[in-house]
Amino acid sequence: MGVVALLGFSAPAFAEHSSVLQSSDFVGISFWLISMALIASTAFFFLERDRVAGKWKTSLTVSGLVTLVAAVHYFYMRDVWVATGSTPTVYRYIDWLITVPLLMIEFYLILAAIAKVPVGVFWRLMIGTLVMLVGGYAGEAGYLSVMPAFIIGMVGWFYILWEIFAGEASKINAGQAPKNVQSAFSLMRWIVTIGWAIYPIGYYFGYLTGSDPADSMKALNIVYNLADVLNKIAFGVIIWSVAVSESEKK
């Protein structure tokens, strides 16, 4: 009930003034479908908190917050698209600025549930995340030339990948985590590798090939929207799965 109420209060103030969603507007439809999936996921993660052991509750709470924040932003992004036909870049980056750090925190939280994890792991993941997001936004919003901004964003992403594949987080997972946690950690880092790759690929084709970004924005928005099913919902489902399996062992 609380989730529904919160989403109701967060509905876009300008929704009643926006154009009607057309059946031929596949971008707008994709925004709507993903927003509904995010709401359902939010309810699921919050309700499932009662099923897991106390040390896993924070992980499920964060998963629910990720999908809740994303759902609210998707309502705004949908209305911007339907009303103007423009890519809602600002809203998308506001969403990422909140949800991507929360996703990175999940790596820290699932390790902290089974081992003592140095706080440096947390801060390295946060720094890499912020560098990646700031670089991407600076390029898309026109504050930096697209190529330098692209390079900055890629450096942040590679720094995250290094930490979860070869850094201290990876070593703690390999040396101290039970099999179920290791499997979940591995799936999560492959989502960060493969699922997140769609964003720099989209940025490259939209801004660095010499074509007009407006020509590819429909396809890019659909791809970005579908990618969030993997990068936000599936990511949370993996955490839910390991939380339940580890809790049931007790």
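A quick note: this is a predicted structure, and the numbers were derived from the prediction, not measured.
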Dump the intermediate steps for side chain to side chain contact (heavy atoms under 4.5 Å, CB included) on I152 and M132, then the final yes or no.
CA-CA 7 Å; I152 292 171; M132 178 182 68; over 6 Å; no
Do E248 and V244 have side chains that get closer than 4.5 Å, going by heavy atoms?
yes
Of all heavy-atom pairs linking A115 and I172, the shortest is CB-CG2, 4.2 Å
Work out which heavy atom in L65 is nearest to a heavy atom in F46; give both atom names and the distance.
N-CZ, 4.0 Å
Quick one: does any side-chain atom of W157 pair with a main-chain N or O of V192 as donor and acceptor, under 3.5 Å?
yes
Minimum heavy-atom separation for I233 and S41, please, with both atom names.
CG2-OG, 3.3 Å
N173: what forms a side chain to side chain donor-acceptor pair (under 3.5 Å) with it, not counting sequence neighbours?
none
Please find out if less than 6.0 Å separates the ring center of W190 from that of F165.
yes
So the ring-ring contact (aromatic ring centres under 6.0 Å, His included) pairs with at least one residue in residues 99-121 (sequence neighbours excluded) are F107-F185, F107-F235, Y108-F122
Distance only, no hydrogens: is a donor on one side chain within 3.5 Å (strictly under) of an acceptor on the other, for N221 and S30?
no
So, T84 side chain and W81 main chain: donor-acceptor pair closer than 3.5 Å or not?
no
Donor-acceptor check, side chain of T42 to backbone of L38, threshold 3.5 angstrom: yes or no?
yes
Would you check if the side chain of T67 reaches a backbone N or O of G64 as a donor-acceptor pair within less than 3.5 Å?
yes
Has the side chain of S186 got a donor or acceptor atom that lies under 3.5 Å from a matching backbone atom of Q182?
no
Can any side-chain N or O of S35 pair as donor or acceptor with the backbone N or O of W32 at less than 3.5 Å?
yes
Answer whether the closest heavy-atom distance between the side chains of T129 and Y159 falls below 4.5 Å.
no
Backbone of G28 reached by a side-chain donor or acceptor of D25 within 3.5 Å
yes
Any chance you could measure Y91, atom OH, to M77, atom CE, to the nearest 0.5 Å?
10.5 Å
Between the side chain of S241 and the main-chain N/O of I238, is any donor-acceptor distance below 3.5 Å?
no
Inter-residue atom distance I198.CD1 - Y224.OH, 0.5 Å rounding:
7.5 Å
Using a 4.5 Å cut-off on heavy atoms from C-beta on, say whether the side chain of V155 contacts that of F158.
no
Heavy-atom nearest pair, A149 first then A138, reads CB-C, 4.3 Å
Pairwise distance OG(S59) to CZ(R49) - rounded to 0.5 angstrom
10.5 Å
Which heavy-atom pair separates W196 from I160 by the least distance, and what is that distance?
CZ3-CD1, 4.1 Å
If you take all heavy atoms of L130 and L97, which pair is closest and at what distance?
CD2-CD1, 4.1 Å
Inter-residue atom distance I164.CD1 - M104.CE, 0.5 Å rounding:
5.5 Å
How long is the straight-line distance from CD1 of I34 back to CD1 of I39, given to the nearest 0.5 Å?
12.0 Å
Any pair counted as salt bridge (Lys or Arg N to Asp or Glu O under 4.0 Å), so long as it reaches residues 88-100, sequence neighbours left out:
D95-K232
Any side-chain heavy atom of V66 within less than 4.5 Å of one from F45?
no
Any donor-acceptor pair under 3.5 Å from E168 side chain to E163 backbone:
no
From CA spacing to verdict: side-chain hydrogen bond (donor to acceptor under 3.5 Å, both in side chains), R51, S247:
CA-CA 8 Å; R51 186 179 172 186; S247 298; over 6 Å; no
Is a side-chain donor or acceptor of Q176 paired with a backbone partner of I114 at a separation under 3.5 angstrom?
no
Could you check if a side-chain atom of V52 sits within less than 4.5 angstrom of a side-chain atom of E246, using non-hydrogen atoms only?
no
How many angstroms lie between CG in L47 and CG in L60, if you round to the nearest 0.5 Å?
11.0 Å
Can the ring centres of Y199 and W96 be said to be less than 6.0 Å apart?
yes
